A.B. asks: 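Got a structure for you, written out below as structure tokens; questions coming shortly.
This chain uses plain numbering: 1 for the first residue, then up along the sequence. Bear in mind the structure is a predicted one, so any value in this text is a computation, not a measurement.
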Amino acid sequence: MTVLSNKRGVELDEPVPLDGRAPGAPAAPEPVAETARRSIGASVRAYVALTKPRVIELLLITTIPVMFLAQRGVPPLSTVLLTFSFGAMSAGAANAINCYIDRDIDVKMRRTRRRPLARAQVTPARALVFGITLALVSTAGFFVTVNPLSAAGSLFAILFYVFVYSLLLKRRTSQNVVWGGIAGCMPVLIGWTAITNGLDWTPFVLFGVVFLWTPPHTWTLAMRYREDYAVAKVPMLPVVATERRVITESLVYTYATVACSLALWPVAGMGPVYGAVAVVLGLVFLAEGHRLLKAVRAGVTGVHLRPMRFFHLSNVYLALLFTAVAVDPLLH
């Protein structure tokens with residue numbers, strides 16, 4: 001212990017507290033109101049984290065542009081806001097319930113060990129109730145304020161993600177994200193039905209774009225966290241297959257994604273803006289896929305392949321493509 005000396009030369013074995021307490025006296029308790037505010041703030045942040053906000057952002061990127069295309073112009077602001085709000089709530093419900101289901105493997109993975117259930121910030125029972133409540137409110141909200149078809153699409157997305165992907169596919173097959181990705185495609189149909197109260201070939205083509213985009217997007221992320229998934233015994237394709245096979249299959253899906261995006265041009269009668277953007281983005285996306293394939297053929301492996309570069313580019317690709325979906329009908 002450091003010995004200090006005061007002005008009178010008397011040795012002190014601890015510094016004098018700045019708040020005037022005698023040395024060794026316990027610190028004054030923190031005000032109850034401040035403690036309560038901090039506790040409430042932490043709880044709110046934990047429940048928000050259960051909804052996986054970054055995943056929600058990605059889903060809504062595909063919802064609102066489709067509404068512009070369905071309207072062939074600027075859609076009613078009230079419909080956009082309602083669809084945005086209940087769509088975010090619906091996605092948050094599925095994600096919260098997924099956190100409840102995956103709580104045992106989240107603690108084993110570096111990428112997920114800071115989630116609220118893994119850190120015991122929320123009890124499993126409360127997380128489940130929270131997710132179910134969001135599901136009920138979002139479905140009812142769509143039904144009452146938008147239309148029953150959008151409500152049905154929202155409910156289907158939640159049930160599919162929870163029961164088909166999280167409970168049936170995720171821990172049983174390397175094709176989990178291929179078919180489980182259907183839930184992530186539903187915002188496209190929900191955005192369309194919110195405006196038209198019906199379905200057409202156009203939203204199904206965009207559904208196909210997201211469906212085909214999901215596997216390479218997810219597999220390159222899983223390549224980066226392969227050890228995590230292996231420890232958690234989740235059979236993602238990079239865990240059970242060679243890097244060369246993962247990259248080859250990802251490139252096949254990338255070609256299919258680009259082809260489907262170009263199919264929207266004649267099917268939806270898109271203008272030159274969308275066509276130009278789809279072609280340029282497609283070429284860049286494919287070039288990155290071929291870079292990965294060339295690297296793995298040359299013997300490059302592990303982090304040196306830089307699979308996250310493809311992952312981040314795939315996010316940019318989808319965001320810009322759907323931005324073109326929204327902008328094109330305003331100009332054409």
A.B. asks: Would you please test V234 and V239 for side-chain contact (heavy atoms from CB on, under 4.5 Å) and show each step?
C.D. replies: CA-CA 8 Å; V234 176; V239 174; over 6 Å; no

A.B. asks: Checking F204 against L199 for the side-chain contact (heavy atoms from CB on, under 4.5 Å) test, could you report, in this order, the C-alpha distance in whole Å, the side-chain angles of both residues, the deciding distance, and whether it holds?
C.D. replies: CA-CA 8 Å; F204 281 108; L199 288 170; 4.1 Å; yes

A.B. asks: Could you tell me whether the side chain of M186 reaches within less than 4.5 Å of the side chain of S90, counting heavy atoms only?
C.D. replies: no

A.B. asks: Run the side-chain contact (heavy atoms from CB on, under 4.5 Å) test on R110 and Y225 for me, step by step, so that the C-alpha distance in whole Å, both residues' side-chain angles and the decisive distance to 0.1 Å come before the verdict.
C.D. replies: CA-CA 8 Å; R110 288 173 301 160; Y225 294 99; 4.2 Å; yes

A.B. asks: Using the ring centroid of each side chain, check whether Y47 and F130 are separated by less than 6.0 Å.
C.D. replies: yes

A.B. asks: State whether the side chain of R226 and the backbone N or O of P238 hold a donor-acceptor pair below 3.5 Å, judged by distance alone.
C.D. replies: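 Indeed, once roles are kept as given, a pair shorter than 3.5 Å links the two residues.
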
A.B. asks: Spell out, as yes or no, whether a donor-acceptor pair under 3.5 Å connects the side chain of D328 to the backbone of G271.
C.D. replies: yes

A.B. asks: If you look at every heavy atom in A96 and G131, which pair is closest and at what distance?
C.D. replies: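 Nearest heavy atoms, A96 then G131: CB-CA, 3.9 Å.
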
A.B. asks: If you measure from CD1 on I64 to OG1 on T83, what distance do you get to the nearest 0.5 Å?
C.D. replies: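 If we round to the nearest 0.5 Å, I64:CD1 and T83:OG1 are 8.5 Å apart.
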
A.B. asks: Please check: side-chain N/O of T220 versus main-chain N/O of H217, any donor-acceptor pairing under 3.5 Å?
C.D. replies: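 Here the side-chain-to-backbone pair exists.
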
A.B. asks: For the side chain of W265 and the backbone of M270, is there at least one donor-acceptor N/O pair under 3.5 Å apart?
C.D. replies: yes

A.B. asks: Can a donor-acceptor pair be found between the side chains of T193 and S150 at a distance below 3.5 Å?
C.D. replies: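 The criterion, which ignores hydrogens and geometry beyond distance, is satisfied for S150 and T193.
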
A.B. asks: For a 4.5 angstrom cut-off between non-hydrogen side-chain atoms, does I56 reach T51?
C.D. replies: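 Result yes, sub-4.5 Å side-chain heavy-atom pair found.
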
A.B. asks: Check side-chain hydrogen bond (donor to acceptor under 3.5 Å, both in side chains) between W213 and all other residues, then give those that pass, not counting sequence neighbours.
C.D. replies: none

A.B. asks: Examine W179 and Y229 and state if one hydrophobic cluster contains both, with Ile, Leu, Val, Met, Phe, Trp and Tyr joined whenever side-chain heavy atoms are less than 4.5 Å apart.
C.D. replies: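 Both belong to a single hydrophobic cluster.
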
A.B. asks: Any idea which heavy atoms bring V210 and G184 closest together, and the distance?
C.D. replies: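 Closest approach of V210 to G184, heavy atoms only: CG1-O, 3.9 Å.
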
A.B. asks: Set out, in order, the CA-CA distance, both residues' side-chain angles and the distance that settles ring-ring contact (aromatic ring centres under 6.0 Å, His included) for Y253 and W219, then state yes or no.
C.D. replies: CA-CA 11 Å; Y253 274 102; W219 286 337; 5.7 Å; yes

A.B. asks: Which pairs pass salt bridge (charged side-chain N to carboxylate O under 4.0 Å, His left out) with one or both residues in residues 162-183, sequence neighbours excluded?
C.D. replies: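 Every salt bridge (charged side-chain N to carboxylate O under 4.0 Å, His left out) pair that includes a residue of residues 162-183, provided the two are not neighbours, is D102-K170, D102-R171, D104-R171.
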
A.B. asks: When rounded to the nearest 0.5 angstrom, what distance separates CZ in F84 from CE in M67?
C.D. replies: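 Those atoms lie 11.0 Å apart.
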
A.B. asks: Would V267 and V279 show up in the same hydrophobic cluster when neighbours are defined by side-chain heavy atoms closer than 4.5 Å?
C.D. replies: yes

A.B. asks: Provide the full list of salt bridge (charged side-chain N to carboxylate O under 4.0 Å, His left out) pairs with a residue in residues 242-253, sequence neighbours left out, each pair given once.
C.D. replies: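 Every salt bridge (charged side-chain N to carboxylate O under 4.0 Å, His left out) pair that includes a residue of residues 242-253, provided the two are not neighbours, is R245-E249.
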
A.B. asks: Would you say the ring centroid of Y255 lies under 6.0 angstrom from that of H290?
C.D. replies: yes

A.B. asks: Which residue pairs pass the salt bridge (charged side-chain N to carboxylate O under 4.0 Å, His left out) test when at least one of the two sits in residues 118-144, sequence neighbours left out?
C.D. replies: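 Counting only pairs at least two positions apart or across chains, no salt bridge (charged side-chain N to carboxylate O under 4.0 Å, His left out) contact touches residues 118-144.
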
A.B. asks: Side-chain contact test, heavy atoms from C-beta onward, threshold under 4.5 Å: evaluate it for F163 versus L168 and give yes or no.
C.D. replies: no

A.B. asks: Same cluster or not: are L81 and F68 linked, directly or through other Ile, Leu, Val, Met, Phe, Trp or Tyr residues, by side-chain heavy atoms under 4.5 angstrom apart?
C.D. replies: no

A.B. asks: Grouping I, L, V, M, F, W and Y whenever their side-chain heavy atoms are under 4.5 Å apart, do L189 and F143 come out in a common cluster?
C.D. replies: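 Each belongs to a different hydrophobic cluster.
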
A.B. asks: Measure the spacing between CZ of R306 and CE of M223 and express it to the nearest 0.5 Å.
C.D. replies: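 Here the rounded value is 12.5 Å.
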
A.B. asks: Quick one: CZ on R103 to CZ on R115, what's the gap to the nearest 0.5 Å?
C.D. replies: 14.0 Å

A.B. asks: Could you tell me which non-hydrogen atom of L305 sits nearest to which non-hydrogen atom of A295, and how far apart they are?
C.D. replies: CD2-CB, 3.7 Å

A.B. asks: Find out whether Q175 and L169 are in side-chain contact, i.e. whether some heavy atom of one side chain is under 4.5 Å from a heavy atom of the other.
C.D. replies: no

A.B. asks: Which heavy-atom pair separates G92 from L134 by the least distance, and what is that distance?
C.D. replies: C-CD1, 4.0 Å

A.B. asks: How many angstroms lie between OG1 in T139 and CZ in F156, if you round to the nearest 0.5 Å?
C.D. replies: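 Taking OG1 in T139 and CZ in F156, the distance rounds to 13.0 Å.
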
A.B. asks: Compute the ring centroids of F285 and F310, then answer whether they are less than 6.0 Å apart.
C.D. replies: yes

A.B. asks: Per the side chain to side chain contact (heavy atoms under 4.5 Å, CB included) rule, which among L237, V178, V177 passes with T218?
C.D. replies: V177

A.B. asks: Under a 4.0 Å threshold between the charged nitrogen and the carboxylate oxygen, would D228 count as salt-bridged to R111?
C.D. replies: no

A.B. asks: L206 versus P65: any side-chain heavy-atom pair under 4.5 Å?
C.D. replies: no

A.B. asks: Which residues pass the side-chain hydrogen bond (donor to acceptor under 3.5 Å, both in side chains) test with Q71, sequence neighbours left out?
C.D. replies: none

A.B. asks: For L286 and L251, work out which heavy atoms get closest and say how close.
C.D. replies: O-CD1, 4.2 Å

A.B. asks: Under 4.5 Å between side-chain heavy atoms, counting indirect links through other Ile/Leu/Val/Met/Phe/Trp/Tyr residues: same cluster for I101 and V231 or not?
C.D. replies: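 No.
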
A.B. asks: Can you tell me how the ring of F211 sits relative to the ring of F207, calling it parallel under 30°, perpendicular over 60° and tilted otherwise?
C.D. replies: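 Correct class here is parallel.
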
A.B. asks: Considering only heavy atoms from C-beta outward, does the side chain of F322 approach that of T63 to under 4.5 Å?
C.D. replies: no

A.B. asks: Just by distance, with hydrogens left out, do N98 and S166 show a side-chain donor and acceptor under 3.5 Å apart?
C.D. replies: yes

A.B. asks: Test side-chain contact (heavy atoms from CB on, under 4.5 Å) on V296 and T301 and set out the steps.
C.D. replies: CA-CA 6 Å; V296 77; T301 186; over 6 Å; no

A.B. asks: Could you check whether any side-chain heavy atom of L50 comes within less than 4.5 Å of a side-chain heavy atom of L117, counting everything from C-beta outward?
C.D. replies: yes

A.B. asks: Among pairs that include at least one residue of residues 286-299, which meet salt bridge (charged side-chain N to carboxylate O under 4.0 Å, His left out), considering only residues two or more places apart or in two chains?
C.D. replies: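 Every salt bridge (charged side-chain N to carboxylate O under 4.0 Å, His left out) pair that includes a residue of residues 286-299, provided the two are not neighbours, is E288-R291, E288-R309.
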
A.B. asks: Just checking R72: does its CZ atom have more than 12 heavy atoms from other residues, nucleotides or ligands closer to it than 6.0 angstrom?
C.D. replies: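 Yes, enclosed.
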
A.B. asks: Roughly how far, to the nearest 0.5 Å, is CG of N147 from CG of N197?
C.D. replies: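 So the gap between those two atoms works out to 4.0 Å.
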
A.B. asks: Kindly say whether L82 contributes a backbone atom to a donor-acceptor pair with the side chain of S85 at under 3.5 angstrom?
C.D. replies: no

A.B. asks: Can you tell if the side chain of S261 reaches within under 4.5 Å of the side chain of Y274, non-hydrogen atoms only?
C.D. replies: yes

A.B. asks: For W192 versus G198, what's the shortest heavy-atom pair and its separation?
C.D. replies: CD1-O, 3.1 Å

